[in-house]
Amino acid sequence: MIRDARVFQTDFVPNDVVHRDTEINHLSSVLQPIADGDPGTPAFLHGPSGTGKTCIAQYTVEKLREQVISLNTQYVNCWENHSRFKVLYRILEGLDNTFDIHRQSTPTDVLIDRLHEYDGPRYVIILDEADQLTDKELLYELLRTQNLELIFIANEEIKFFAELNDRLASRMQTCARIKFDSYSDEKLIAILRDRIDWGLEPGVISEEQLNEIADQAAGDARVAIGTLRVAARIADGSGASEIKPEHIQSAVSEAKTEIQQKTVEKLTDDQRVLYEIITEHNAICPGDLYEAYTDRVEDARTKRMVRNYLQKMEHYNLIKSRGENRGREYIAVP
DNA sequence: CCTCCACTGGAAGATCGGGAAG
DNA sequence: CTTCCCGATCTTCCAGTGGAGG
């Protein structure tokens, strides 16, 4: 049933993206000066998850590479590299300039200096999940570095700007802002159909089932593609010759828990204990939570550290917090 | 109204872990 | 081997917030 599993990977960038023309054109025009050897304008892409921001950024930069002979590019995910050091490291990595940099012995200042010294070809950097950066000042440093072309990606525009100080916010105002809206069902279906043409045997999924997937995904292409992939796998595993409604039903929930499971695996032991306690309760107040945690764990961290863990887990969308101060409760995300 | 106190999150400093230098 | 140094992690301290209960 599955011909090519690659097209269902979350980081797959299609050769031809056909459902985001406006956004692609906008971004291309922002980057166009680079093709003429001039500095471009930084870009800021924002919109809900699964709306193609990352995909379009990578696709457009790839097209630019075809036009410009000497061009360096790098993709940095700030979720995975949220510290100042890691982001700078990844950026220098894109220039093959890290052979003598080691976390332990190289101060971050040296990384900044080295980046400032860079005078090679123009360097396009995609900073994905830029709102996850702990040290936003780094954005300022990057913006004033010669030869860098920056593409920032974040989910919520307003929230992102609210977290910046005035100086940085006004500097960021100069970015070309490109908004990504949720996909309509028709567009989601068109996207799915592209992937199906490449990835699945012909005729294994009906129009009706496609509609169902698009409906469940609620505008999120990542969820739609994930659901399709899991549904195909389930159908294949059960020996069916085509994807049936029941395959989709189990795929929807499995696709969601699959993502969650991956995140839980990334937690430390202490964090996982906290997560388990929260999932065992409908809602739990901080005091009880900390007590339960100290009971289960040998050598417990302090309350302050636990608050950091909880914040992190909320960021990962594993738990939610409700209420403030005294009324605070923690709830597991279903 | 006021006081108490559980809770939050910022700031500053201590500690950990591990590569480099001696 | 030891010593030095760094970022990351963790603790300590604390000001601020707002609900509970006189």
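Letters A, B, ... are given to chains in the order of the sequence lines, protein chains preceding strands, and every chain is numbered from 1. Worth saying up front: this structure is predicted, and the values here are computed from it rather than measured. FYI, side chains are in, hydrogens and waters are out, and symmetry mates aren't considered; it's all heavy atoms of this structure.
Atom P of nucleotide B:dG9 and atom CE of A:M305 are separated by 14 Å, given to the nearest angstrom. Rounded to whole angstrom, the span from the CG atom of A:D270 across to the P atom of C:dC10 amounts to 7 Å. Summarising the geometry, the separation between CG on A:L88 and C1' on C:dC6 is reported as 15 Å, rounded to the nearest angstrom. A:F85 places its CZ atom 13 Å from the P atom of B:dG19, with the value rounded to the nearest Å. Between A:D135 atom CG and C:dG7 atom P there is a gap of 12 Å when expressed in whole angstrom units. Rounded to an integer number of Å, the gap from CG of A:N308 to C1' of C:dT9 is 9 Å. One can place OH of A:Y89 at 14 Å from C1' of C:dC6, the figure rounded to the nearest angstrom. The CD-C1' distance, from A:Q311 to B:dG9, rounds to 7 Å in whole Å.
Side chain of A:Q271 to main chain of A:T268: a donor-acceptor pair is present (N/O by atom type, distance under 3.5 Å, no hydrogens or angles). Distance alone, capped at 3.5 Å, places no donor-acceptor pair between the A:D36 side chain and the A:D38 backbone. For the pair A:Y183 (side chain) and A:E186 (backbone), a donor-acceptor distance under 3.5 Å is absent.
Interface residues of residues 323-333 of chain A facing DNA chain B, ordered by number: A:N325, A:R326, A:R328, A:Y330; criterion, heavy-atom separation under 4.0 Å.
We find that A:R114 and A:E93 are not joined by a salt bridge, their nearest charged nitrogen and carboxylate oxygen being 4.0 Å or further apart.
OP1 or OP2 of C:dC10 has at least one side-chain nitrogen or oxygen of A:Y309 nearer than 4.0 Å. For C:dG7, the OP1/OP2 oxygens have a side-chain nitrogen or oxygen of A:T108 closer than 4.0 Å. Close to C:dA8, at under 4.0 Å from its OP1 or OP2, lies a side-chain N or O of A:S83.
Under 3.5 Å, the side chain of A:R304 and the base of B:dG10 form at least one donor-acceptor pair of N or O atoms.
Comparing A:K312 and A:R307 along DNA chain C, the residue whose closest nucleotide (by nearest heavy atom) sits nearer the 5' end is A:K312.
Screening A:H46, A:K53, A:H26 for a side-chain contact (heavy atoms from CB on, under 4.5 Å) with A:I178, the sole residue that qualifies is A:H26. The only member of A:L192, A:V204, A:I248, A:L228 that meets side-chain contact (heavy atoms from CB on, under 4.5 Å) when paired with A:Q209 is A:I248.
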Test side-chain hydrogen bond (donor to acceptor under 3.5 Å, both in side chains) applied to A:D128 and A:Y75, step by step:
CA-CA 7 Å; A:D128 204 352; A:Y75 171 83; 2.6 Å; yes

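A:R301 comes within 4.0 angstrom of the backbone, heavy atoms only, and of no base.
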